[in-house]
Amino acid sequence: MKNSVKAVILTGGLVMVLLIGLLVWAVAQRAESESDPKPQVLREESHVLDDGGPDAVTVVEFLDFECEACAALHPVVEELRQEYDGQITYAVRYFPLAGHVNSMNAALAAEAAAQQGEFEAMYQRLFETQVEWGGAAEPTPSVFRALAEELGLDMTAYDEAVEDPATADRVRRDRAEGTFLGVEGTPAFFVDGQSVTVAEPGDLEKAIVEAQTR
């Protein structure tokens, strides 16, 4: 066999090896991407309280229902939701803090209510009643069950949802993604995907107005 032919065969073999290597790398990268997706501020499963449409400013709050700061800012949030109705898309995500005994129970109650289409009703009642159960030394799941009864939920379905590990997993997914996004405490706000520091009540509205002008 002539040297030129051998060179062609050798070159072709090297190209094939290279192509196979690139293919393996691409498949591995795709698998890694699918198993570890980039964190997103807002997901399809997130609870959207107000949908302002495709051109609206998006405001996402990571919250802990037992967080006193979240409860203190809640009236401000409600005023902004009314004032900017139709102009913002407002969504909330769970971020239960380890130091709060009832934060996970409260989140489970909210998610169980969400499964019956009553997330916002439970969301409101949790903040309205926080002073009654927040800061408890021991978990008080009966308090949240009573709220569910008050809202007229199907209690069999509620109990099953609270006990279902998938419900807790749903809450933990929000918490984990919030951590990836840099959330360390609550309330934590993102306006059009950008983290916003809310040191004063007016800071959130300021961020909304600035986003509207961009």
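Here the side chains of D174 and R43 are not in contact, with every heavy-atom distance at 4.5 Å or above. Annotation: side chain of T129 is not in contact with side chain of V131 (no heavy-atom distance under 4.5 Å). Between V198 and P187, the closest side-chain pair of non-hydrogen atoms is not below 4.5 Å. With a 4.5 Å cut-off on side-chain heavy atoms, L204 and V59 count as touching. For the pair T140/N102, a side-chain contact is recorded, criterion being any heavy-atom separation below 4.5 Å from C-beta on. Here the side chains of R175 and R93 are not in contact, with every heavy-atom distance at 4.5 Å or above. V77 has its side chain within reach of Y90: a pair of non-hydrogen atoms, C-beta onward, lies under 4.5 Å apart. The shortest distance between side-chain heavy atoms of F119 and V92 falls below 4.5 Å.
Clustering ILVMFWY residues whenever any of their side-chain heavy atoms sit less than 4.5 angstrom apart, transitively, puts V76 in the very cluster that holds V191. Linking ILVMFWY side-chain heavy atoms closer than 4.5 Å, directly or via other members, places F65 and M104 in a single hydrophobic cluster. Tracing side-chain contacts under 4.5 Å through hydrophobic residues (I, L, V, M, F, W, Y), one never reaches V183 starting from L73; they form parts of separate clusters. Linking Ile, Leu, Val, Met, Phe, Trp and Tyr whenever their side-chain heavy atoms come within less than 4.5 Å leaves V60 and Y84 in two separate clusters. Under the 4.5 Å side-chain heavy-atom criterion for Ile, Leu, Val, Met, Phe, Trp and Tyr, L42 and V196 are members of distinct hydrophobic clusters.
The salt bridge (charged side-chain N to carboxylate O under 4.0 Å, His left out) check on E200 picks up nothing, with sequence neighbours excluded. For F62, the ring-ring contact (aromatic ring centres under 6.0 Å, His included) partners at least two apart in sequence or on another chain are F190. Remark: H74 pairs with Y123, F127 by the ring-ring contact (aromatic ring centres under 6.0 Å, His included) rule, at least two apart or across chains. Listed by chain and number, the residues in a ring-ring contact (aromatic ring centres under 6.0 Å, His included) with Y158 amount to none (sequence neighbours excluded). Partners of D192 by salt bridge (charged side-chain N to carboxylate O under 4.0 Å, His left out), not counting sequence neighbours: none found. Every residue two or more places apart in sequence or in another chain was checked for a salt bridge (charged side-chain N to carboxylate O under 4.0 Å, His left out) with D51, and none qualifies.
Of the charged side-chain nitrogens involved, none lies within less than 4.0 Å of a carboxylate oxygen, so that D203 and K206 do not count as a salt-bridged pair. The pair E45-R170 meets the salt-bridge criterion, with a side-chain N (NZ, NE, NH1 or NH2) lying under 4.0 Å from an Asp/Glu carboxylate O. In summary, E177 and R173 do not engage in a salt bridge, as defined by a charged side-chain N under 4.0 Å from a carboxylate O.
When only modelled atom types and interatomic distance are considered, E111 and H47 share a side-chain donor-acceptor pair under 3.5 Å. In this structure, a donor-acceptor pair under 3.5 Å is present between the side chains of Q212 and Q87.
The environment of E68 atom CD is sparse: at most 12 non-hydrogen atoms of other residues, nucleotides or ligands sit within 6.0 angstrom. Within a 6.0 Å radius of CD in E128, other residues, nucleotides and ligands contribute more than 12 heavy atoms. Within 6.0 Å of CD on E149 lie more than 12 heavy atoms contributed by other residues, nucleotides or ligands.
Summarising the geometry, atom CD belonging to E79 is positioned 8.5 Å from atom CD belonging to E83; distances are rounded to the nearest 0.5 Å. Separating the CG atom in D50 from the CD1 atom in I88 is a distance of 6.0 Å, to the nearest 0.5 Å. Going from atom OG1 of T179 over to atom CZ of R172 covers 13.0 Å, rounded to the nearest 0.5 Å. Note: S46 OG to Q40 CD = 8.5 Å, rounded to the nearest 0.5 Å.
Between V101 and A137, the closest heavy-atom pair is CG2-O, 3.9 Å. Considering all non-hydrogen atoms of both residues, I208 and V57 come closest at O-CG2, 4.1 Å. Of all heavy-atom pairs between P96 and V171, the closest is CG-CG1, 3.8 Å. Closest heavy-atom contact between L97 and S103: O-OG, 3.1 Å.
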**Request:** Start with the C-alpha gap between R125 and E150, add the side-chain angles, then the distance that decides, and say whether salt bridge (Lys or Arg N to Asp or Glu O under 4.0 Å) holds.
**Result:** CA-CA 10 Å; R125 289 300 290 142; E150 177 187 309; 2.6 Å; yes
**Item:** Verdict with reasoning, N105 to W133, per side chain to side chain contact (heavy atoms under 4.5 Å, CB included)
**Value:** CA-CA 11 Å; N105 283 324; W133 51 267; over 6 Å; no
**Request:** Decide yes or no on side chain to side chain contact (heavy atoms under 4.5 Å, CB included) for L147 and M122, but give the supporting numbers first.
**Result:** CA-CA 8 Å; L147 292 178; M122 182 63 81; 4.1 Å; yes
**Message:** Go through it in stages, so that I can follow the logic: the residues are K38 and F180, the test is side chain to side chain contact (heavy atoms under 4.5 Å, CB included), and I'd like the CA-CA distance, side-chain angles, deciding distance and then a yes or no.
**Reply:** CA-CA 9 Å; K38 292 182 179 179; F180 278 122; over 6 Å; no
**Prompt:** Can you list the steps and then say if L181 with V41 is a side chain to side chain contact (heavy atoms under 4.5 Å, CB included)?
**Reply:** CA-CA 7 Å; L181 290 166; V41 171; 4.1 Å; yes
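Of the possible donor and acceptor atoms, one in the side chain of D154 sits under 3.5 Å from a partner among the backbone N and O of A157.
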